[in-house]
Amino acid sequence: MASIHFGSPSDNCPHHIFNNANIIIAPHLCKTINSSFKSANFPESWKHAEVNSLLKKPTADPFDPKNYRLISLLPFPAKLIKKIVNSQLSRFLEDSKSLDTSQSGFRKHRSTENALIAATDDIRTMLDKGETAALILLDLSTAFDTVCHHSLCTRLPNAGIRDKALDWISSFLSGRTQSVHLPPFMSESSTIICRVPQGSSLSPTLFNVYMDSLANIAQTHHIKIISYADDTQLILSLTKDPTAAKINLHNRLQAIASWMEASHLNSNTDKTEILIFEANPSAWNDSWWPSSLGSAPPPTTHARNLGFILDSTLSMTQQVNAISSSCYNTLCKLRKIFKWIPVKTRKTVTHTLVSSRLDYGNAL
């Protein structure tokens with residue numbers, strides 16, 4: 001039986017009991033899990049989560065609720081059964097090619113670098129054709145927390161998930177409860193009507209299925225879309241005819257906005273960024289932006305995309321300068337303590353804090 005390292009503090013059975021006595025517990029737990037699959041029912045006692053809040057950044061304002069990330073701590077048996085389901089479901093989705101190739105998040109042999117390479121390659125192709133390319137970095141507000149259970153269940157059959165598998169996932173999503181833990185206080189239990197629980201290994205896979213229909217909308221309206229989980233990149237070619245460009249772009253973005261509204265997802269215009277790739281960025285007109293997506297963000301000269309700084313000329317100068325400065329500052333700090341650290345440890349620390357930063361995005 002797999003070791004489980006984290007779970008809800010309110011769980012009646014601590015995790016070390018499962019790990020230390022797995023030879024005795026495993027047959028009984030296996031029987032319970034198989035019974036859950038056969039009956040297509042997720043046990044009610046495993047549906048309660050204790051939610052802890054963590055600051056997204058150490059420097060963020062702790063009094064602003066938006067700066068917190070909610071992590072669901074779940075019972076240990078529930079975590080185990082979801083690891084099993086996620087392993088089988090992920091393998092099925094990959095083997096059946098049910099997920100669009102534009103999604104790289106939470107998939108084997110795919111990374112943020114794959115998404116970055118695909119985006120820059122498409123932009124360079126448009127520029128080679130003499131076209132003006134627009135890269136829209138769409139930011140979705142609390143995307144995992146706004147997933148509609150009903151909408152998700154209606155999209156699962158399109159990915160080939162039917163019959164008992166669909167019934168089990170429907171049971172897994174329905175009737176969930178949670179209590180928010182803010183030491184030393186614990187809230188009363190409340191019913192969850194939406195969201196996939198963060199902290200569950202199954203949630204990212206279900207989220208990919210939920211987002212997959214966005215790729216179909218984008219393809220229908222001739223928009224190139226590249227995603228990593230909820231980080232969505234839209235790549236459009238702006239035609240030389242301003243009138244045609246305005247109509248086409250507005251219609252395409254309106255289709256995206258309509259899909260987001262139907263999916264109960266919200267665009268965060270404060271964090272949405274636009275890069276225009278051409279000699280004269282004045283080709284962009286904010287009146288092309290549909291009002292349903294909020295106020296139009298002005299084009300920027302550079303933007304951080306999946307941890308990599310892209311600039312409107314694809315010179316990579318901003319990224320090189322940022323990495324050089326970051327690595328130099330880190331080395332200066334390490335130098336002060338290295339004389340007390342063994343050589344082997346020095347190498348490990350340097351590779352972890354410096355070399356890894358230098359390596360990221362090299363393919364670009």
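In this chain, residues are counted from 1 in sequence order.
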Donor-acceptor pairs under 3.5 Å, side chain of residues 330-344 to any protein atom, not counting sequence neighbours: which ones?
| from | atom 1 | to | atom 2 | distance (Å) |
| --- | --- | --- | --- | --- |
| T330 | OG1 | S326 | O | 2.9 |
| T330 | OG1 | R357 | NH1 | 3.0 |

Could you pull out every donor-acceptor pair under 3.5 Å between side chains of residues 156-168 and any protein atom, sequence neighbours left out?
| from | atom 1 | to | atom 2 | distance (Å) |
| --- | --- | --- | --- | --- |
| R162 | NH2 | P157 | O | 3.0 |
| K164 | NZ | K38 | O | 2.5 |
| W168 | NE1 | S36 | OG | 2.9 |

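Legend: residues meeting salt bridge (Lys or Arg N to Asp or Glu O under 4.0 Å) with D359, ordered by chain and number and at least two apart, are absent. By the ring-ring contact (aromatic ring centres under 6.0 Å, His included) test, F207 is found to be paired with F144, residues two or more places apart in sequence or in another chain being considered. Partners of E44 according to the side-chain hydrogen bond (donor to acceptor under 3.5 Å, both in side chains) rule, which considers only residues two or more places apart in sequence or in another chain, are K47. For the side-chain hydrogen bond (donor to acceptor under 3.5 Å, both in side chains) test, residues two or more places apart in sequence or in another chain that qualify with T205 are N86, S90. By the side-chain hydrogen bond (donor to acceptor under 3.5 Å, both in side chains) test, T120 pairs with no residue at all, sequence neighbours left out. T154 meets the side-chain hydrogen bond (donor to acceptor under 3.5 Å, both in side chains) test with no other residue; sequence neighbours excluded. Partners of R195 according to the salt bridge (Lys or Arg N to Asp or Glu O under 4.0 Å) rule, which considers only residues two or more places apart in sequence or in another chain, are D145.
Within the structure, salt bridge (Lys or Arg N to Asp or Glu O under 4.0 Å) pairs that include any residue of residues 95-113 comprise E94-R107 (at least two apart or interchain). Within the structure, ring pair (Phe, Tyr, Trp, His ring centres under 6.0 Å) contacts touching residues 295-327 (residues at least two apart or in different chains) do not occur.
Hydrophobic cluster membership for Y68: L55 (Ile, Leu, Val, Met, Phe, Trp, Tyr linked by side-chain heavy atoms under 4.5 Å, directly or transitively).
Side chain to side chain, H48 and S179 meet the donor-acceptor criterion of an N or O pair below 3.5 Å.
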